[in-house]
Amino acid sequence: MAGNAWFDVLDGDGAVMGSYFVGEVTVVDVEPSARGFGLVDLTVTLWCEDALPGAERAWDLVRTGHLNRTGMWHALAPEDRRAWLSVALWSHAYRRRGRPDAPAGHAFTLDGRYVVDKDSFSCAIGDAINGPGGYFGWNLDALNDCLGGRWGATAPFTLHWDSSAVARNRLDERVPGDREVVLFDLILEIFEGRGVSVILR
């Protein structure tokens, strides 16, 4: 029983692209490694809340440099968008490699044509702020946190929301809370509260 550990996802050069905290790591097999003398290959069982089924495809795109166009998530099934967002989050630092946030006053464009739910909105805003497969929150609390800086953009900035009417019609679920509000309107309130000027087009 190895207990808890960090599981690193490596690129082709051995650099860490992202890491997952894993628990209940139990070694079930050990054999000498073909990678070099003194190394062993372990087969383990483990528990990991953050490594989602379907994330392998996105990690492979990051590793091979093929995550290179916005909207690559459009064809994903709804259940796979969450895995896409998890890779966007855990690979964020690796992909940005110390690049600073866009300066305050910058303008971004969000493509609303494929925004059909919370996860697709998160994919679209990640693309808009940080480019293909970018991360800018994977729920509303995380969006609010990202608007505080160090995630690719510095408020205040301008967001041009293209096809916003399409997104408004689809983001019509009521969000429970102190007052009932529609998801689309709540997103606009979060942006406004952080000094983001949203231009609906």
Side-chain angles (χ1 to χ4, degrees), residues 7-12 15-22 46-97 99 102 108-147 151-153 159-175 182-188 190-191 198 200-201:
F7 178 83
D8 292 340
V9 182
L10 307 180
D11 67 12
V16 176
M17 298 189 297
S19 298
Y20 293 110
F21 178 78
V22 294
L46 53 85
W47 170 87
C48 182
E49 183 177 22
D50 297 319
L52 302 179
E56 300 87 1
R57 176 176 178 263
W59 278 118
D60 285 342
L61 290 170
V62 174
R63 180 180 296 108
T64 60
H66 290 111
L67 186 48
N68 54 14
R69 329 183 291 282
T70 58
M72 293 180 74
W73 55 271
H74 292 170
L76 295 177
E79 61 272 15
D80 292 331
R81 291 185 200 125
R82 198 82 184 145
W84 180 272
L85 288 167
S86 75
V87 173
L89 168 60
W90 298 115
S91 68
H92 177 78
Y94 169 81
R95 297 188 65 224
R96 288 190 57 79
R97 291 186 176 100
R99 198 169 63 240
F108 301 93
T109 300
L110 186 151
D111 182 353
R113 292 175 297 166
Y114 300 93
V115 174
V116 297
D117 56 19
K118 288 179 192 173
D119 285 346
S120 57
F121 166 76
S122 295
C123 291
I125 191 66
D127 272 3
I129 302 293
N130 285 308
Y135 176 80
F136 204 72
W138 65 344
N139 57 44
L140 298 183
D141 288 336
L143 170 66
N144 190 49
D145 290 343
C146 287
L147 287 165
W151 290 94
L159 180 68
H160 297 276
W161 192 331
D162 289 347
S163 302
S164 59
V166 174
R168 181 187 289 278
N169 288 336
R170 293 174 176 165
L171 298 178
D172 61 350
E173 70 177 270
R174 304 255 175 221
V175 180
V182 174
L183 177 57
F184 184 86
D185 293 333
L186 182 55
I187 291 169
L188 293 181
I190 292 170
F191 281 132
V198 180
L200 302 177
R201 306 194 292 197

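Computed from heavy atoms alone, side chains included, the values below leave out hydrogens, waters and symmetry copies.
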Taking all non-hydrogen atoms of both residues, which atom of [X] and which atom of [Y] are closest, and how far apart?
{"X": "V166", "Y": "G112", "answer": "CG1-O, 4.1 Å"}
{"X": "A142", "Y": "G137", "answer": "CB-CA, 3.7 Å"}
{"X": "V87", "Y": "V62", "answer": "CG1-CG2, 4.2 Å"}

Can you check whether [Y]'s main-chain N or O pairs, donor with acceptor, with [X]'s side chain at less than 3.5 Å?
{"X": "T70", "Y": "G131", "result": "no"}
{"X": "R82", "Y": "P53", "result": "no"}
{"X": "N68", "Y": "P132", "result": "no"}
{"X": "D127", "Y": "G133", "result": "yes"}

Could you give the distance from [atom1] ([X]) to [atom2] ([Y]), rounded to the nearest 0.5 Å?
{"X": "I129", "Y": "C146", "atom1": "CD1", "atom2": "SG", "result": "9.5 Å"}
{"X": "L52", "Y": "E79", "atom1": "CG", "atom2": "CD", "result": "12.0 Å"}
{"X": "L143", "Y": "L186", "atom1": "CG", "atom2": "CG", "result": "9.5 Å"}
{"X": "N144", "Y": "N139", "atom1": "CG", "atom2": "CG", "result": "10.0 Å"}
{"X": "L89", "Y": "L85", "atom1": "CG", "atom2": "CG", "result": "9.0 Å"}
{"X": "R201", "Y": "D162", "atom1": "CZ", "atom2": "CG", "result": "4.0 Å"}

More than 12 heavy atoms from other groups under 6.0 Å of CZ on R97: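 Yes - once you tally the heavy atoms of other residues, nucleotides and ligands closer than 6.0 Å, there are more than 12.
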Kindly write out the residues that satisfy side chain to side chain contact (heavy atoms under 4.5 Å, CB included) with [X], not counting sequence neighbours, or none if the list is empty.
{"X": "V9", "value": "F7, M17, Y20, W59, R63"}
{"X": "A165", "value": "none"}
{"X": "N169", "value": "none"}
{"X": "Y114", "value": "W73, H74, D111"}

Please identify which of these residues, D172, V175, L171, meets the side-chain contact (heavy atoms from CB on, under 4.5 Å) condition with F184.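 Filter result, single survivor: L171.
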Any [X] side-chain heavy atom under 4.5 Å of [Y] side chain:
{"X": "R168", "Y": "L200", "value": "yes"}
{"X": "N130", "Y": "R95", "value": "no"}
{"X": "L159", "Y": "I125", "value": "yes"}
{"X": "H66", "Y": "M72", "value": "no"}

Under 3.5 Å side-chain donor-acceptor pair for S122 and D119: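 Side-chain D/A pair, S122 to D119: absent.
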Quick one: list whatever passes ring-ring contact (aromatic ring centres under 6.0 Å, His included) with F121, sequence neighbours left out.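 Here the qualifying residues are W161.
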Using the ring-ring contact (aromatic ring centres under 6.0 Å, His included) criterion, which residues pair with F191? Sequence neighbours excluded.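 ring-ring contact (aromatic ring centres under 6.0 Å, His included) check on F191 returns nothing, list empty.
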Once the angle between the rings of H92 and W151 is folded into 0 to 90°, is it parallel (under 30°), tilted (30 to 60°) or perpendicular (over 60°)?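 Rings of H92 and W151: tilted, 30 to 60°.
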Does R96 make a cation-pi contact with Y94 (under 6.0 Å, within 45 degrees of the axis)?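 Negative - R96 is either too far from the ring of Y94 or too far off its axis.
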